[in-house]
Chemist: 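Let me begin by handing over the structure; questions about it come next.
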Number of protein chains: 2
Amino acid sequence: MSNRAARTAPKIPAASGKRTANGKARALEADGEIGLDGLLGHAGYAVRRFQIWIFQDFVCTLAAVDIKPTQYSVLTVIGANPGLSQMAVAQRLGIERARLVHLLDSLEDRKLVRRVRSRTDRRSHALHLTARGEASLRQFKLLAAEHERHVAEKIGSENREQLLRILSSFT
Amino acid sequence: MSNRAARTAPKIPAASGKRTANGKARALEADGEIGLDGLLGHAGYAVRRFQIWIFQDFVCTLAAVDIKPTQYSVLTVIGANPGLSQMAVAQRLGIERARLVHLLDSLEDRKLVRRVRSRTDRRSHALHLTARGEASLRQFKLLAAEHERHVAEKIGSENREQLLRILSSFT
DNA sequence: AAAGATTGTTGTTGACGACAACAATTGTTC
DNA sequence: GAACAATTGTTGTCGTCAACAACAATCTTT
């Protein structure tokens, strides 16, 4: 256990403490229970809250190597498919090519990725990991696996797998 | 079916067409199948993609009334708990009070919400729906229910309920 | 009464999705 | 083969959103 989820990032309010900082719970409304009414039946709301939690845990877990979820996804795809064009990566990950430009600029500055001009199509760049990039990615994957264990601890291992099945059509 | 998810918002590329606009599929890599490698096992990636889809459908479905998910959640909570302070609403929904200020400014401009100075604590504002706000919220809920049916169509009704169960601890 | 905490507010920063325009290059069509 | 259309990478803008810092007004605590 411990403070795994408190490093560089957000303010993770110690889960569900909800006291007014000095120990006195808010007594304004009813009993402290604020109803969500219709929101409880909305998948989008639950998913949004979960997404925020998962994002924060990922950032915290990979804070030491300064890799954010999007960067990780880009490195992973390039690592698994060397030579892809920026367009192909952007399409596959569902991010805009305009945004990928900046992501790659950053990763290239850190010597993790190389842009090589394609000879078959001189408009596009073939993307490759550098040696340093491949070594780093191996380490990132270890940390990402640790993050994934946090998720399993949070919602339950079987629930996590079920969730992956349910959402498999979105990958 | 039909083009329900194409109104004001994004560019929904007709699902998984993936052809280069003129009918010739990209042949650069392997066979068109770009592996995601490790990403497939990450709940965060699937959740992110799903969250984007669900957000877009919500925005499209409620485009006619110009209500975004966050606005809807604020209206719902205020409607179910009249008199809440901004701080209480922000805490309950997990949004920052700084951000809630602008959200309420917008909703108040549209005469959907009123800020009333609390007599017990003159720092805080008691939040209420206007009559117009309550009537509007009823309509918004109908549209939100329609959106929720879209979700059920997309991932399956039983999967949706299971997902709500799995993520119930985040609401 | 003085010190500290809370509430609403304003402003800044950075990540992100959407969009528009551009140069270079490729593909298509007549 | 020349004119036109489409694609790729790039730059820039706009709006949303989370995080954070600072402030005045107002409780709360000591």
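So you know, we letter chains A, B, ... as the sequences are listed, proteins then strands, and number each from 1. No experiment lies behind these values; they were computed from the predicted model shown.
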Chemist: Kindly point out which of dG9(D), dC17(D), dC20(D) is positioned nearest to the side chain of R97(A)?
Modeler: dG9(D)
Chemist: Can you tell me if CZ on R114(B) sees more than 12 non-hydrogen neighbours from other groups inside 6.0 Å?
Modeler: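 No, the 6.0 Å shell around CZ holds no more than 12 heavy atoms from other groups.
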Chemist: Starting at atom CE of M87(A), determine the distance to atom C1' of dT26(C), rounded to an integer number of angstrom.
Modeler: 15 Å
Chemist: Does Q56(A) put a side-chain nitrogen or oxygen below 4.0 Å from OP1 or OP2 of dA19(D)?
Modeler: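 Affirmative; the distance criterion is met.
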Chemist: Can you identify which nucleotide, out of dG9(D), dT10(C), dC19(C), has its nearest atom closest to the S85(A) side chain?
Modeler: dG9(D)
Chemist: Is K154(B) close enough and on-axis enough to F50(B), meaning under 6.0 Å and within 45°, for cation-pi?
Modeler: no
Chemist: Is there a donor-acceptor pair closer than 3.5 Å between any side-chain N or O of E148(A) and the backbone N or O of A43(B)?
Modeler: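 The answer is yes, because a donor-acceptor pair under 3.5 Å joins these two groups.
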Chemist: Which residue, H125(B) or R122(A), contacts DNA chain C at a nucleotide closer to its 5' end, judged by nearest heavy atom?
Modeler: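 Comparing both residues, the 5'-ward one is H125(B).
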Chemist: Grab the CD-P distance between Q71(B) and dG15(D) for me, whole Å please.
Modeler: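 The answer, rounded to whole Å, is 15 Å.
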Chemist: Could you give the CD-to-P distance, from Q86(B) to dT26(D), as a whole number of Å?
Modeler: 15 Å
Chemist: Any side-chain N or O of R123(A) less than 4.0 Å from the OP1 or OP2 oxygen of dT26(C)?
Modeler: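 Answer no for this pair, as no side-chain N or O of R123(A) is under 4.0 Å from OP1 or OP2.
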Chemist: Looking at dG17(C), I'd like to know if its phosphate oxygens (OP1 or OP2) sit under 4.0 Å from a side-chain N or O belonging to R99(A).
Modeler: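 Yes.
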Chemist: Rounded to the nearest Å, what distance is computed from the CZ atom of residue F58(A) to the P atom of nucleotide dA15(C)?
Modeler: 15 Å
Chemist: Whole angstroms only, please: what is the CG-C1' distance between L104(A) and dT10(D)?
Modeler: 12 Å
Chemist: Less than 4.0 angstrom between a side-chain N/O of T70(A) and OP1 or OP2 of dC16(C), yes or no?
Modeler: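 Looking at the OP1 and OP2 atoms of dC16(C), one of them is under 4.0 Å from a side-chain N or O of T70(A).
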Chemist: Please give, in whole Å, the distance from dA18(C) C1' to H102(A) NE2?
Modeler: 13 Å
Chemist: Let me spell it out: for each of R119(A) and K68(A), pick the nucleotide of DNA chain C with the closest heavy atom. Which residue's pick is nearer the 5' end?
Modeler: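 Its nearest nucleotide lies further toward 5', so the answer is K68(A).
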Chemist: What is the distance, rounded to the nearest whole Å, between atom CD of Q91(B) and atom P of dG8(C)?
Modeler: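 Computing the Q91(B):CD to dG8(C):P distance gives 10 Å.
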Chemist: Any side-chain N or O of R48(A) less than 4.0 Å from the OP1 or OP2 oxygen of dA18(D)?
Modeler: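 Answer yes for this pair, as a side-chain N or O of R48(A) is under 4.0 Å from OP1 or OP2.
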Chemist: Measure CG/D121(B) against P/dA5(C) and give the value in whole Å, please.
Modeler: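 About 17 Å, once rounded to whole Å.
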Chemist: Before we go on, tell me: are the rings of F58(B) and H150(B) under 6.0 Å apart, centre to centre?
Modeler: no
Chemist: For R115(A), look at atom CZ and say whether over 12 heavy atoms of other residues, nucleotides or ligands are found less than 6.0 Å away.
Modeler: yes
Chemist: Nearest to the I95(A) side chain among dG17(C), dC16(C), dA21(D), which nucleotide is it?
Modeler: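 Closest nucleotide to the I95(A) side chain: dG17(C).
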Chemist: Touch check for R115(A), heavy atoms < 4.0 angstrom, all strands: base, sugar-phosphate only, or nothing?
Modeler: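 Answer is sugar-phosphate: R115(A) comes under 4.0 Å of backbone atoms only.
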